[in-house]
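Only a predicted model underlies this, so the values are computations on that prediction, with no experimental measurement involved. One-based numbering, in listed order, for ligands and for the atoms of each. Atoms considered below: every heavy atom in the structure, side chains included; atoms not considered: hydrogens, waters and symmetry mates.
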Amino acid sequence: MARIVMKFGGTSVGDVNRIKNVARRVKAECDRGNQVAVAVSAMSGVTNQLVNYCSEMSPLHDAREYDTIVSTGEQVTTGLLAIALQDLGVTARSWQGWQIPVITDDAHGKARIAEIKGEELIRRMEKGEVPVVAGFQGLGPDNRVTTLGRGGSDTTAVALAAALNADRCDIYTDVDGVYTTDPRIVPTAKKLDKITYEEMLEMASLGAKVLQTRSVEMAMKHGVRVQVLSSFSDAPGTLVCDEDEIMENALVSGIAYSRDEAKVTLVGVADQPGIAASIFGPLADANINVDMIVQNVSQDGSTDMTFTVGKADLERALKVVKDQLKVPYKAIKSDKNVVKLSVIGVGMRSHAGVAKTMFKALAEKGINIQVISTSEIKVSVLIGEDYTELALRALHTAYDLDAA
Ligand code: ADP
Ligand code: ASP
Ligand code: MG
């Protein structure tokens with residue numbers, strides 16, 4: 001007998017029939033003699049709709065009320081799934097984040113889980129009951145509902161698996177595993193049998209939305225075995241696990257892309273000590289994350305400084321620079337039509353030439369690289385957004401990742 005957390009995403013619970021399908025999957029797991037807890041997302045499209053309502057009501061709305069509103073999608077699916085399970089003869093009960101509770105910090109809209117009180121759920125699972133837990137929701141220190149950031153139900157599921165001491169956390173979604181790159185953009189993408197926590201963390205944080213980044217951090221920290229699989233087929237999924245469980249590390253295991261970045265260039269700033277600090281200090285103080293940075297060679301004592309920030313932060317970043325930069329500059333330019341492509345693989349640690357292959361493949365397609373950044377297991381480049389698909393396909397082929 002095993003204890004399993006099963007998580008179903010928005011498409012998997014997209015309508016009443018799909019929820020009935022989920023109930024059959026949960027029942028099958030119970031029939032195998034396992035203890036099961038379920039975490040669910042809102043029906044696909046519902047959270048977007050709720051977010052839009054907030055913006056329509058007031059562009060600069062209160063974050064606490066935002067959470068009150070956007071957390072409701074998950075409440076509906078917990079109740080519906082509990083009913084569907086009961087109809088199949090499975091004892092089931094819905095649980096909202098505040099009822100368990102899932103305790104978080106006070107960062108409304110992107111709260112972090114501090115603790116999940118799992119005792120009551122365990123007691124009930126041991127008696128054969130299936131808890132159906134609302135993903136995405138928590139309870140803040142001010143006793144108000146919080147939400148965990150978009151895609152946060154993955155994190156609920158992994159945190160629940162850690163709190164319940166589960167043997168496995170199965171993430172059911174609309175693709176049957178983690179692929180070498182987004183299979184909806186590159187049809188030749190290959191499904192991976194296994195991927196390391198580290199690589200999955202990079203893939204997620206560099207844009208692969210299949211798992212929320214924090215869910216992977218959480219799985220890594222607590223050693224939760226996560227499996228990604230499809231709720232629409234019985235194909236084997238992808239296991240996220242430790243490096244020593246994988247026999248041979250590919251040089252590059254995956255390619256991710258993110259359209260969430262925007263580029264800012266400061267033209268003609270003085271090339272002198274303290275310049276970087278005077279630009280990036282005020283941005284950091286304003287809680288704006290700067291990702292990639294490049295400084296050009298100086299000509300006549302002045303230089304161009306280019307960096308990227310999240311698209312959502314662009315206007316704020318421009319204002320901070322304009323209002324607070326103490327050093328002279330000639331002009332400030334920005335560009336939202338960019339995409340960041342990243343190749344990821346733990347094999348890079350011990351092999352040279354990964355970046356070279358990337359640059360050559362992009363050059364052959366006539367694609368200009370605007371900014372580059374690297375770490376031990378990834379190389380990222382910023383290119384024009386129009387080239388996203390062309391570049392992804394070219395890189396996929398260049399690293400020999402295409403399915404046979
Ligand atoms: P859910 O609603 O189940 O949480 P998501 O839409 O959040 O589903 O995540 C699944 C989607 O992630 C897939 O439909 C796919 O387009 C996208 N995706 C991006 N990169 C990858 C990848 N490397 N492997 C698999 N899916 C990916
Ligand atoms: N429903 C939330 C969202 O759309 C959480 C999730 O689906 O993981 O972001
Ligand atoms: Mg998701």
Contacting atoms of ligand 1, where contact means under 4.0 angstrom from a heavy atom of [X]:
X	result
Ala208	20 (N)
Pro183	24 (N), 25 (C), 26 (N), 27 (C)
Met203	23 (N)
Val178	24 (N)

Quick check: does Ser12 get an N/O under 3.5 Å from an N/O on ligand 1? no

Test of proximity, Asp182 against ligand 1: N or O pairs below 3.5 Å: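 Yes: some nitrogen or oxygen of Asp182 is under 3.5 Å from one in ligand 1.
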
Atom NZ of residue position Lys190 - does it have more than 12 heavy atoms of other residues, nucleotides or ligands inside 6.0 Å? yes

Heavy-atom count around Lys27 NZ within 6.0 Å, excluding the residue itself: above 12? no

Is there a donor in the side chain of [X] and an acceptor in the side chain of [Y], or the other way round, less than 3.5 Å apart?
X	Y	answer
Thr155	Gln212	yes
Thr147	Ser71	no
Asn337	Arg259	no
Ser380	Ser342	yes
Gln96	Thr78	yes
Glu74	Thr77	no
Glu261	Thr308	yes
Asp304	Thr265	no

Measuring from non-hydrogen atoms of Gly151 to any atom of ligand 2, is the shortest distance under 4.0 Å? yes

For Gly135, is the nearest heavy atom under 4.0 Å from an atom of ligand 2?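 Gly135: no contact with ligand 2 (<4.0 Å).
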
To check your reading of the model: name the closest protein heavy atom to [atom], its residue, and the distance in Å.
atom	value
atom 2 (O) of ligand 1	Gly10 N, 3.1 Å
atom 27 (C) of ligand 1	Val210 CB, 3.8 Å
atom 6 (C) of ligand 2	Ser153 OG, 3.3 Å
atom 4 (O) of ligand 2	Arg150 NH2, 2.9 Å
atom 24 (N) of ligand 1	Tyr179 N, 2.9 Å
atom 8 (O) of ligand 1	Thr173 OG1, 3.1 Å
atom 11 (C) of ligand 1	Asp174 OD1, 3.9 Å

At under 4.0 Å between heavy atoms, which part of Glu74 makes contact with ligand 2: side chain, backbone, both or neither? side chain

Parallel, tilted or perpendicular: rings of His61 and Tyr66 (30°, 60°):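 Plane angle under 30°, so parallel.
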
With a 4.0 Å cut-off on heavy atoms, does [X] reach ligand 1?
X	result
Ser41	no
Gln212	no
Gly177	yes
Lys7	yes

Quick one: look at Ala256 and ligand 1, take heavy-atom pairs under 4.0 Å, and tell me if it's side chain, backbone, both or neither. neither

With heavy atoms and a 4.0 Å threshold, my read on which part of Val228 contacts ligand 1 is neither

Tell me whether Asp154 has any N or O atom under 3.5 angstrom from an N or O of ligand 2.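 It does not: no N or O of Asp154 is found under 3.5 Å from an N or O of ligand 2.
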
Would you check the N or O atoms of Gly149, main chain and side chain alike, for any that come under 3.5 Å of an N or O of ligand 2? no

Flag the pair Val133 / Thr156 as yes when at least one side-chain heavy-atom distance between them is below 4.5 Å, and no otherwise.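 Val133 reaches Thr156 side chain to side chain.
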
Looking at side-chain heavy atoms only, is the closest gap between Leu211 and Met200 below 4.5 Å? yes

Tyr179 and side-chain hydrogen bond (donor to acceptor under 3.5 Å, both in side chains): which partner among Asp182, Thr181, Asp176? Asp176

When you look at Gln75 and Thr72, which way does the side-chain hydrogen bond (donor to acceptor under 3.5 Å, both in side chains) test go after all the steps? CA-CA 5 Å; Gln75 175 155 346; Thr72 57; over 6 Å; no

Would you mind running through ligand 2 and noting each atom that sits below 4.0 Å from a heavy atom of Ser41?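 By the 4.0 Å cutoff, the relevant atoms are 6 (C), 7 (O), 8 (O).
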
Tell me whether atom 6 (O) of ligand 1 lies less than 4.0 Å from at least one protein heavy-atom position. no

